[in-house]
Amino acid sequence: MSMTDYRKDFPALHQEIQGHPLVYLDSAASAQAPSVVIDAVAEYQRCDHANVHRGVHTLSHRATEAFEGAREKVRSFINAAKSSEIIFTRGTTEAINLVAQSYLRPILKSGDQILITHLEHHSNIVPWQLVCELTGAELVVAPINDQGELKLDALYELMNDKVRLLAIGHVSNALGSINPIQDIIAEARKFNMAILVDGAQAVPHMSVDVQALDCDFYAFSGHKMFGPTGTGVLYGKHARLEAMPPWQGGGDMILEVSFTRTVYNDLPYKFEAGTPNISGAVGLGAAVDYITAIGAENIARYENQLLSYLSEQLATIDGLQLIGTAANKASVQSFVIDGIHPHDLGTILDHQGVAIRTGHHCAMPVMDFFAVPGTARASLALYNNRDDVDKLIAAIRIATELFAE
Amino acid sequence: MSDANLDIENLRELYRELILDHARNPRNFERMADATHSAEGINPLCGDKLKLYFRINAANIIDDAKFEGSGCAISTASASMLTEFVHGMDMNTALQYFELLQQRLTAPDSPVEHAPLDLGKLRAFEGVREYPSRIKCATLAWHALRSAVQCDDHPASTE
């Protein structure tokens, strides 16, 4: 089966926008969902819904099985050792904030450092700034080069025993650069820092093995990997999670409550206060099954070829400059065009049915580095094909014609 | 007419020649050293950032208007045309034009409040109506005008 056959699985892709067939090139912002995910959520709501971990009745039992079954699927997906290391969150952002508030804030002192990189998404910057403000710790930023690659030597020079946490993206959302995360973690292990990997842009495009990586935390979102919005995962090593205090209080995260004393629940429930997003987790589990059936390696190989084609075709347009030309990339190509603001380009492409992201991509420091107010960004998923790229290029040519003097 | 040509024709309703001209060659595009009023306009969605400067005399007449910053074609053209449009205009009249423009872009069928006013060249922005996410771009400079004359130090935002 060729990869392009999977396109039919995604109902949202089969519609017209402004009289043109939809060309969806914004999966890095949010991916479309296949029917199996949409149906799994609907089926759960229609037949199996009740609250989890509570009732003795049949529906509550079914809901719990579905929810915990999704957790097990996620465990297997990233090869975590135990399903108790899988915390369901609202998304990557919440997962990172959980680590900032529950792991880092209690141990952080003035003079300590948090090490991040210039490539990070705002959600892997601001949570650390918040804890720095509270504790007097310092946020240290590793630089990038003109291709949008991390300067590894500089990153390694910034590693020392004052660093309490390295928080680093696996794949840059704005540029698509893949960080050599395995090597970086090995280097960081020479010091006593914890390591968090923001995997939001990695999991839809490549296989991830958290045990092989040896990271302490790995965060990702459901909606970027064909699952529902409002779902996400924090993987944490059992010993780390065990030592952390709860983040939010409420139902489900307790074993026993009185007004003088509360006994917290075991992992992972200690970090899942309140009724969780059960149908979302079910949908995420279905998305895991979908990706697994196709095979992460197959997806990566297919997308790499398509990304090369996309970048080559974009480079044929006069006045177009590629932003982010790292040797090792996934899914994303950012670019700017002389004389056409990204926002205008976005409108002109939408008029022709082509959906791309324009703006700063929640990575303003990256925009500052390249001295642009924003970029246009085309991002690929397994359902895209060469025809999508060709339509994008034709639509850009209309924009350059319209704006030509 | 081919599909591509049809697309271009439709898009010209939004990107009219007057708008493209002002976007390519913005007028009054410089800092004003002796401004009596100024304000920033920020559109967080797309990163447009404009600063508008006004010199307003004792009789509340806008003697001069200038702007600087970066933005999309619509917001740049709107700022450029604003600086020409309000030149020599009473401050309160300028604010009434803002209300009228806003109304023409967001609720064109509602009864006209400032009936004697005529948008004139600003009608070029009426094509923006069909693109709801771009109305903010067309009004950003006008939001900044309002902040400036109300001596509001906080940057004007379209949010």
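Keep in mind it's a predicted model, so treat the numbers as computed, not measured. Chain letters run A, B, ... following the sequence lines, proteins first and then strands; every chain starts at 1.
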**OP:** Spell out the residues in residues 361-381 of chain A that have some non-hydrogen atom less than 4.5 Å away from a non-hydrogen atom of chain B, in order of number; otherwise answer 'none'.
**Re:** A:Pro373

**OP:** Considering only heavy atoms, give the residues of residues 57-77 of chain B separated from chain A by less than 4.5 Å, sorted numerically, with 'none' for an empty result.
**Re:** B:Ser70, B:Gly71, B:Cys72, B:Ala73, B:Ile74

**OP:** Kindly check if the number of other-residue, nucleotide or ligand heavy atoms within 6.0 Å of CG (A:Asp318) is above 12?
**Re:** no

Subject >> Any residue of residues 17-32 of chain B which, by heavy atoms, sits under 4.5 Å from chain A >> reply: B:Leu20, B:Arg24

**OP:** Output, in order, the C-alpha distance, side-chain angles, deciding distance and verdict of side chain to side chain contact (heavy atoms under 4.5 Å, CB included) for A:His341 and B:Asp48.
**Re:** CA-CA 10 Å; A:His341 191 280; B:Asp48 288 350; 3.5 Å; yes

**OP:** Among the options A:His20, A:His360, A:Arg397, pick out the one with the most heavy-atom pairs lying under 4.5 Å from chain B.
**Re:** A:His20

Original post:
Looking only at heavy atoms, which of residues 343-357 of chain A get nearer than 4.5 Å to chain B?
Top reply: A:His343, A:Asp344, A:Thr347, A:Ile348, A:His351, A:Gln352

